[in-house]
Amino acid sequence: MKCQQCCASKSPLARRLQLKKQKEAEEAEAKARPKQIVVTPQSLLYNYDDVSAMAEYILRTCRIRPKFGVVCSTVLSSMVNMIENPVDIPFRDIPQFPVSPVDGHDNKLVVGTLMGATVIAMQGRIHAYEGFELASCTVPVHVMKLCGVKYVFFTSAAGAVNPGYAVGDIMLIKDHINLFGMMGSSPLIGRHDSRFGGPCVSMVNAYDNYLLERGMEIGKSLGYQECLRTGVFACLGSPSYETEAEQKILSLLGVDAVGMSLVHEVIVAHHCGLRVFSFVLITVSGFGEDEDPAVVNPESFLRQQQYACNELIARLIYDIQNDL
Ligand SMILES: O=P(O)(O)O[C@H]1O[C@H](CO)[C@@H](O)[C@H]1O
Ligand SMILES: Nc1nc2[nH]cnc2c(=O)[nH]1
């Protein structure tokens with residue numbers, strides 16, 4: 001306005017020059033301003049209040065404060081049948097809780113008691129390969145934390161990389177290789193909320209040594225020593241299984257078993273102070289497929305190994321609950 005007034009008395013050429021100068025000055029000022037960086041808000045997708053609202057909804061619905069959390073693999077969803085006095089809470093009923101669009105995923109929480117302990121189990125999990133951000137895959141872990149969970153058990157189906165492994169083996173995870181993180185993707189990226197943990201987290205003892213040892217002892221005492229392993233796990237982001245070349249690379253990296261979930265969930269759980277116990281059931285053999293017992297009698301063999309996994313979870317919960 002001011003400019004139009006002062007320019008009104010000038011010639012058309014002088015006015016154009018004046019406007020050009022003004023535009024140049026504005027452009028120079030914009031260039032000098034610090035660039036506005038839009039952060040990738042992984043850690044901010046669900047803020048503390050959002051997570052609190054989810055936890056409150058669950059606690060109000062089930063009227064139980066769970067001490068143990070279990071994330072059930074797609075192949076281990078029968079685990080929830082062990083839960084007594086179960087209260088089912090569909091994911092879609094929980095405000096803002098992610099829901100898997102994949103057919104056959106159960107998409108519900110089951111809350112109740114197991115071996116006298118209060119538990120909350122996820123029947124079906126959220127996978128990155130379904131198109132979700134890692135923050136969406138892991139928000140259930142923060143929800144468990146705010147529900148009062150102290151111990152969390154993660155389970156998954158996995159492919160064997162270690163040539164000594166066979167279908168049906170149960171690998172207790174002692175460590176992981178965070179391939180997502182190495183590529184710059186993590187649910188912890190973005191501003192942190194100190195109520196969940198600090199900006200960085202040491203991953204020493206992420207797979208709680210005590211729980212790992214107890215899990216191994218229990219597995220042996222139940223008679224599963226032949227199929228029990230401890231090893232290193234890696235998670236890939238693609239729903240395609242590994243090529244032979246990828247198997248070789250993973251093997252060179254020291255990976256024993258590979259899946260499509262779990263690693264980012266463990267990172268978030270350890271970051272917010274939960275004690276973690278994890279294992280995978282080998283469902284795909286990397287080598288020597290012809291010799292797999294699963295190929296000979298797939299259905300009943302898998303059922304037998306699912307039973308073994310359920311027993312392991314139940315016994316470990318019992319022992320922790322009773323300080324054994
Ligand atoms: O992560 P869970 O639920 O064990 O599922 C595993 O099994 C599926 C592949 O068979 C993949 O979804 C993989 O991640
Ligand atoms: N990446 C991967 N995920 C799995 N989930 C179950 N089996 C496999 C497998 O062989 N590879």
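Just follow the structure's listing: the first ligand is 1, and inside any ligand the first atom is 1. Keep in mind that the numbers below use all heavy atoms, side chains included, and drop hydrogens, waters and symmetry copies. Numbers here simply count residues along the sequence, with the first being 1.
In terms of protein heavy atoms, atom 5 (N) of ligand 2 is closest to Ala157 O, 3.6 Å. Considering only non-hydrogen protein atoms, atom 8 (C) of ligand 2 sits nearest to Gly159 N, 3.4 Å. Of the protein's non-hydrogen atoms, Tyr129 OH, 4.5 Å is the one closest to atom 8 (C) of ligand 1. What sits closest to atom 1 (N) of ligand 2 on the protein, heavy atoms only, is Glu242 OE2, 2.5 Å. Closest protein heavy atom to atom 1 (O) of ligand 1: Ser261 OG, 2.6 Å.
Interface of Thr283 with ligand 2, defined as ligand atoms under 4.0 Å from a residue heavy atom, comprises 6 (C), 7 (N). For ligand 1, the atoms closer than 4.0 angstrom to any heavy atom of Ser156 are 1 (O), 2 (P), 4 (O). Residue Val284 has at least one heavy-atom neighbour below 4.0 Å for each of these atoms of ligand 2: 7 (N), 10 (O). Interface of Ala157 with ligand 1, defined as ligand atoms under 4.0 Å from a residue heavy atom, comprises 4 (O), 6 (C), 7 (O). Less than 4.0 angstrom separates some heavy atom of Ser73 from each of these atoms of ligand 1: 2 (P), 3 (O), 4 (O).
Between Gln306 and Ser78 the shortest heavy-atom distance is CB-OG, 4.5 Å. Residue Ser136 comes nearest to Pro98 through the heavy atom pair O-CG, 3.4 Å, listed as atom of the first residue, atom of the second, then distance. Nearest heavy-atom pair across Gln305 and Gly168 is NE2-O, 2.6 Å. Of all the heavy atoms in Gln123 and Asp106, the pair that sits closest is O-CB, 3.3 Å. Residues Ala121 and Cys72 share a closest heavy-atom pair of CB-SG, 4.4 Å.
Residue Thr74 holds the heavy atom nearest to atom 5 (O) of ligand 1 of all those in Thr74, Ile126, Val71, Thr283. If you check each of Met260, Arg125, Met122 against atom 11 (C) of ligand 1, the one with the closest non-hydrogen atom is Met260.
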- Hey, mind stepping through Glu246 and Tyr241 against side chain to side chain donor-acceptor pair (under 3.5 Å) and telling me if it holds? CA-CA 9 Å; Glu246 288 163 347; Tyr241 290 166; over 6 Å; no

- Task: Apply side chain to side chain contact (heavy atoms under 4.5 Å, CB included) to the pair Val263 and Phe233, showing each step before the final yes or no.
- Result: CA-CA 8 Å; Val263 164; Phe233 181 70; 3.8 Å; yes

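The side-chain tip of Arg275 does not point at the ring of Tyr151 from less than 6.0 angstrom away and within 45° of straight on.
For Tyr241, every heavy-atom contact with ligand 1 shorter than 4.0 Å involves the side chain, none the backbone. Contact annotation: for Ala160 versus ligand 2, there are no heavy atoms closer than 4.0 Å.
Between Phe180 and His264, the distance separating the two ring centers is shorter than 6.0 angstrom.
Residue-to-ligand polar distances keep Ser240 apart from ligand 2: every N/O pair is separated by 3.5 Å or more.
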